[in-house]
Trainee: 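Got a structure for you, questions after.
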Amino acid sequence: MVIRLPGRALFVVRSLPAPEDMETLVCRDDERPDGRLYTLLVYHRPAEAYDAISIFVKLRQRGTTPDFIDCFSMGSRFYALFLYREPSPLKKQVDGMELHLRERLEAAHGIFQQILMQDLPHAILMECLRPENLNFDTTLAVTFNYFLGGAARYRMIGLKDAMGSAADVLEHTLGKDAKRQDTRERSLNDICLSLREGGYESWKGAYADFLGWYEVIRDNVEIEKQKKEGMIAKFWRIVSRVMGLLKPLIAVALIAASVGYLVYSIMNPPIPAGAAPGQIQAVGDIPIPSPTPTDTPAE
């Protein structure tokens, strides 16, 4: 299926789950040689379309969101177009214990960077912080997907709501290991509490506090890592030194064992099958036949 919009024709690759009276489509623009994919949101109901227009038109006018491509109104339907990324859910990796603390720190830092870089309206940002929209790839980069819900409640969502969602994501991503690294001056609990209770007037203020905490914890994690690596290296140096001292003793033991076995073999030659112990088998090169019952002298 091809959806023709002003200035572009989008080939529908697949359809994703979406709320009632709405479609979420993954599309490709065949006129682009790079094969880039897009998320196309289609609002069918006039009321939903009206609520969506008030958000997305402002987003287009601001022009500060790299992931947002454009929005269109055709008939009673409204369309919003974003970049699409293959899902690599951060939550799945965290829940599966696949990430070390250092990686989880980078994920949390990446979330803040995306929040500042994309400069999204509070309602859309709150949706982007849902598990299905937060990606974390092998390069330790965080990206958003834009599988959004209905637009009816967008007008009711403010900065405090979005910051509360960010606090939930940060706590889940960083876990208890990060909280154990807290210092008296900077605490993850304090940052998340301020996010939930409206303690920040902007994301820049929240990021400044988080960045100070992040840098301290990151450095502490690096120091601990170097200590562990140093202990392992020290252990192997000791093992190597002990093996160096033992090598001559092992060599002497092997030589002694070889000589002992040689002497034992000479002193205890193997007895041929059928021969009686102590029986002489030959004198020089002349073999001595074994006695038979008829060779026994008569009495």
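Sequential numbering from 1 along the given sequence is applied to the chain's residues. Note that this is a predicted model, so its numbers are computed, not measured. Any value given below was found using the heavy atoms of this structure, including those in side chains, with hydrogens, waters and symmetry copies removed.
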Trainee: Evaluate the side-chain proximity of Leu170 to Leu195: yes if any heavy-atom separation is below 4.5 Å, no if none is.
Mentor: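 The answer is yes, as the side chains (C-beta and beyond) meet within the 4.5 Å cut-off.
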
Trainee: Would a single hydrophobic cluster contain both Phe147 and Phe144, if residues Ile, Leu, Val, Met, Phe, Trp and Tyr are joined by side-chain heavy-atom contacts under 4.5 Å?
Mentor: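 Looking at the clustering, Phe147 is in a separate group from Phe144.
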
Trainee: Give the ring-plane orientation class for Phe112 versus Tyr207, where under 30° counts as parallel, over 60° as perpendicular and anything between as tilted.
Mentor: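 Because their plane-to-plane angle lies in the 30° to 60° range, the rings of Phe112 and Tyr207 count as tilted.
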
Trainee: With sequence neighbours excluded, what pairs up with Asp161 under the salt bridge (charged side-chain N to carboxylate O under 4.0 Å, His left out) test?
Mentor: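 Expected list: none.
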
Trainee: What residue pairs, at least two apart or across chains, pass side-chain hydrogen bond (donor to acceptor under 3.5 Å, both in side chains) with a residue in residues 145-156?
Mentor: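 Sorted pair list: Asp51-Arg155, Asp67-Tyr146, Glu127-Tyr154.
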
Trainee: Given Ser187 and Asn189, is the side chain to side chain donor-acceptor pair (under 3.5 Å) satisfied, shown in steps?
Mentor: CA-CA 5 Å; Ser187 163; Asn189 281 331; 4.5 Å; no

Trainee: Minimum heavy-atom separation for His172 and Val94, please, with both atom names.
Mentor: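 Nearest heavy atoms, His172 then Val94: O-CG1, 3.5 Å.
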
Trainee: Looking at Glu20, I'd like to know if its CD atom is crowded, meaning that more than 12 non-hydrogen atoms belonging to other residues, nucleotides or ligands lie closer than 6.0 Å.
Mentor: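 It does not: Glu20 CD has 12 such atoms or fewer within range.
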
Trainee: For His100, enumerate each residue passing the side-chain contact (heavy atoms from CB on, under 4.5 Å) test, keeping only those at least two apart in sequence or located in another chain.
Mentor: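 With neighbours one apart ignored, the set is Glu103.
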
Trainee: If I compare all heavy atoms of Pro87 with all of Asn135, which pair ends up nearest, and what's the gap?
Mentor: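 In terms of heavy atoms, the two residues are closest at CA-OD1, 3.4 Å.
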
Trainee: Can you confirm whether more than 12 heavy atoms, excluding those of Glu98, are under 6.0 Å from its CD atom?
Mentor: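 Yes, CD of Glu98 has more than 12 neighbouring heavy atoms, counting only those of other groups under 6.0 Å.
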
Trainee: Say whether Leu148 and Leu16 are linked into one hydrophobic cluster, either directly or through other cluster members, by side-chain heavy-atom distances under 4.5 angstrom.
Mentor: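 In one cluster with Leu148: Leu16, no.
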
Trainee: Please report the closest heavy-atom contact between Cys128 and Leu134, naming both atoms and the distance.
Mentor: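 Of all heavy-atom pairs spanning Cys128 and Leu134, the closest is O-CG, 3.7 Å.
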
Trainee: Might you point out which heavy atoms bring Arg218 and Glu106 nearest each other, and give the distance in Å?
Mentor: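 Shortest heavy-atom contact: CD-OE2, 4.5 Å.
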
Trainee: Say whether, by atom type as modelled, one donor and one acceptor occur between the side chain of Gln114 and the main chain of Thr143 under 3.5 angstrom.
Mentor: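 Checked: no pair found.
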
Trainee: Given the rule that I, L, V, M, F, W and Y join up when any side-chain heavy atoms are under 4.5 Å apart, are Ile111 and Val221 in one cluster?
Mentor: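 Both belong to a single hydrophobic cluster.
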
Trainee: Side-chain heavy atoms under 4.5 angstrom apart, residues restricted to Ile, Leu, Val, Met, Phe, Trp, Tyr: same cluster for Ile53 and Met22?
Mentor: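 Looking at the clustering, Met22 is in the same group as Ile53.
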
Trainee: Which atoms form the tightest heavy-atom contact between Gln93 and Phe136, and what is the distance?
Mentor: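 That would be NE2-O, 2.8 Å.
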
Trainee: In terms of ring plane angle, is the pair Tyr43 and Phe78 parallel, tilted or perpendicular, where the classes change at 30° and 60°?
Mentor: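 Ring orientation of Tyr43 relative to Phe78: tilted.
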
Trainee: Please give me the minimum heavy-atom distance between Val142 and Ala107, naming the atom from each residue.
Mentor: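 Between these two residues, the closest heavy atoms are CG2-O, 3.4 Å.
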
